[in-house]
Asker: 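To start, I am sharing the structure in question, which I have written as structure tokens.
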Amino acid sequence: MISVQNLTKYYGPTLAVDNVSFEIEKGTVVGFLGPNGAGKSTTVRIITCYLSPSSGSVTVDNNDIMTESLEIRKKIGYLPESAPLYPEMNVVDYIKFMREMRRGSTSPNGKRIKEVLDICGLGGVVGKRIGELSKGYRQRVGLAQALVHDPEILILDEPTVGLDPNQIIEIRNLIKELGREKTVILCSHILPEVEATCNRVLIISEGSIVADGTPDELQTSFEGKTKISVQIKGNIDTLDEKLLRLEGIERIVNSKPLGSDILEIDLEAVKDIDPRESIFNLCVENKSILMEMKREQTSLEDIFRKLTRKDM
Ligand code: ADP
Ligand code: MG
């Protein structure tokens, strides 16, 4: 549906997007995740034909951004970082106007406009001036204008910035709902937002894609070893050796007594083996008591920070 090949963008001397390539299949909800200044907005401005690239090519549904931008704009609904709303217009007129801009004034629209106002929860404010609305409602108007021409693709640039926690949840649910039938790109610097709504994550840092996969795949591929820490009571003499003989246990990172008959042990296990069951069984056989057992896994948060922080 969207194909980006070797996309590069300079603003004067600043390299904002550095030779980026990716493909997005129809029907996926892709999180475009990266810290501020990573190049997310620049990339989507190019995909939506609001900015031209320095080099590289982009096609949207086989239309080229350089030669077929009018076609592309009809197919894409775009909510920019700060939606350019007209504060003097009332909600319904603005939404009508945006539909006409993209589909022409002959396009029948009454039903779709009502539908979009409903989807975005704007029923109660249709006659209000956009300038009077709260930030949350203005964001919904932004979403409504992105949806009103019934595009196949939806590109949302930081749609929840500046909203309160309840509004954030509402907008995220709405995105999830929309993602059932549309191809969506969600730009965000907020990991939980992407985790909650997307089935694929592209992580961008300093203009380059540094990771690409489902949240699960990213978790698995970056997860090193599994760390397990246990506290075992009683019969602790040769416990370390016995633990080391279990399948999947690679090494003992740390083993220290807590009092006279409790041992606290940190273990490292190989990636795909979960040794917790055999640790439990060992304690039973050994007539020791398993006081505590914790497994630490690398979180997506850790991965994201590792990939996008210069100093790590
Ligand atoms: P993001 O959306 O991920 O925060 P941007 O695409 O907005 O990142 O910015 C990428 C880089 O390009 C940053 O270094 C930013 O300062 C720079 N940049 C963005 N827009 C402009 C502009 N209009 N003029 C000059 N530099 C810009
Ligand atoms: Mg941005």
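We count residues from 1, following the sequence as given. Start at 1 and go down the list; that is how both ligands and their atoms are numbered. Just so it is clear, the values below take in all heavy atoms, side chains as well, and ignore hydrogens, waters and symmetry mates.
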Asker: Looking only at atom types and distance, does a side-chain atom of Lys40 sit under 3.5 Å from a main-chain N or O of Leu186, one as donor and one as acceptor?
Answerer: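 Not at all, since once roles are kept as given, no pair shorter than 3.5 Å links the two residues.
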
Asker: So is there a nitrogen or oxygen of Lys40 less than 3.5 Å from a nitrogen or oxygen in ligand 1?
Answerer: yes

Asker: Do any N/O atoms on Thr14 end up under 3.5 angstrom from N/O atoms on ligand 1?
Answerer: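 Between Thr14 and ligand 1, no N or O pair is found under 3.5 Å apart.
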
Asker: Looking only at the side chains, is there a donor atom on one of Asn286 and Lys242 sitting less than 3.5 Å from an acceptor on the other?
Answerer: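 The criterion, which ignores hydrogens and geometry beyond distance, is satisfied for Lys242 and Asn286.
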
Asker: For atom 16 (O) of ligand 1, is some protein heavy-atom partner under 4.0 Å away?
Answerer: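 So atom 16 (O) of ligand 1 lacks protein heavy-atom neighbours under 4.0 Å.
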
Asker: For Tyr11, does the OH atom have more than 12 heavy-atom neighbours from other residues, nucleotides or ligands under 6.0 Å away?
Answerer: yes

Asker: Run the numbers for me: atoms of ligand 1, each under 4.0 Å from some heavy atom of Pro35, listed by number.
Answerer: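 Near Pro35, the atoms of ligand 1 are 3 (O).
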
Asker: Give yes if a backbone or side-chain nitrogen or oxygen of Gly37 is under 3.5 Å from a nitrogen or oxygen of ligand 1, and no if not.
Answerer: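 Yes, at least one N or O pair falls under 3.5 Å.
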
Asker: For the Mg ion (ligand 2), give me the closest N/O/S atom belonging to Glu81, just the atom name.
Answerer: OE2

Asker: The Mg ion (ligand 2) to Ser41: any N/O/S contact under 2.8 Å?
Answerer: yes

Asker: So which protein heavy atom does atom 27 (C) of ligand 1 come closest to, and at what separation?
Answerer: Tyr11 CD1, 3.2 Å

Asker: Are any side-chain N or O atoms of Ser288 and backbone N or O atoms of Gly234, one a donor and one an acceptor, separated by less than 3.5 Å?
Answerer: yes

Asker: Give the ring-plane orientation class for Phe97 versus Tyr86, where under 30° counts as parallel, over 60° as perpendicular and anything between as tilted.
Answerer: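 Ring orientation of Phe97 relative to Tyr86: perpendicular.
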
Asker: Can you tell me if Thr14 uses its side chain to pair, donor with acceptor, with the backbone of Tyr10 under 3.5 Å?
Answerer: no

Asker: Judged by atom type as modelled, is there a donor-acceptor pair below 3.5 Å linking the side chain of Ser69 to the main-chain atoms of Ile65?
Answerer: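 Side chain of Ser69 to backbone of Ile65: no pair is present.
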
Asker: To check your reading of the model: name the closest protein heavy atom to atom 8 (O) of ligand 1, its residue, and the distance in Å.
Answerer: Gly39 N, 3.1 Å

Asker: Within less than 4.0 angstrom of ligand 1, does Gly12 place any heavy atom?
Answerer: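 Heavy atoms of Gly12 never come under 4.0 Å of ligand 1.
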
Asker: Can you tell me which residue and heavy atom of the protein come closest to atom 12 (O) of ligand 1, and the distance to 0.1 Å?
Answerer: Ala16 CB, 3.3 Å

Asker: Out of Ser41, Pro13, Ser188, whose heavy atom sits nearest atom 2 (O) of ligand 1?
Answerer: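 Shortest heavy-atom distance from atom 2 (O) of ligand 1: Ser41.
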
Asker: At under 4.0 Å between heavy atoms, which part of Cys187 makes contact with ligand 1: side chain, backbone, both or neither?
Answerer: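 No part of Cys187 is near ligand 1 at this cut-off.
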
Asker: Just which atoms of ligand 1 are under 4.0 Å from any heavy atom in Asn36?
Answerer: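 By the 4.0 Å cutoff, the relevant atoms are 4 (O).
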
Asker: Checking the side chain of Ser188 only, and the main-chain atoms of Ile190 only, is there a donor and an acceptor separated by less than 3.5 Å?
Answerer: yes

Asker: Name the closest protein heavy atom to atom 6 (O) of ligand 1, giving the residue it belongs to and the distance to 0.1 Å.
Answerer: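 Scanning the protein heavy atoms, the shortest distance from atom 6 (O) of ligand 1 goes to Thr42 OG1, 2.5 Å.
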
Asker: Assess Gly34 for proximity to ligand 1: is some non-hydrogen atom of it under 4.0 Å away?
Answerer: no

Asker: List the atom of Ala211, the atom of Leu307, and the distance in Å for their closest heavy-atom pair.
Answerer: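 Where Ala211 meets Leu307 most closely, the heavy atoms are CB-CD1, 3.6 Å.
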
Asker: Within the distance-only criterion (no hydrogens, no angle test), does the side chain of Ser278 pair as donor or acceptor with the backbone N or O of Leu246 below 3.5 angstrom?
Answerer: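 No, Ser278 side chain to Leu246 backbone: no donor-acceptor pair under 3.5 Å.
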
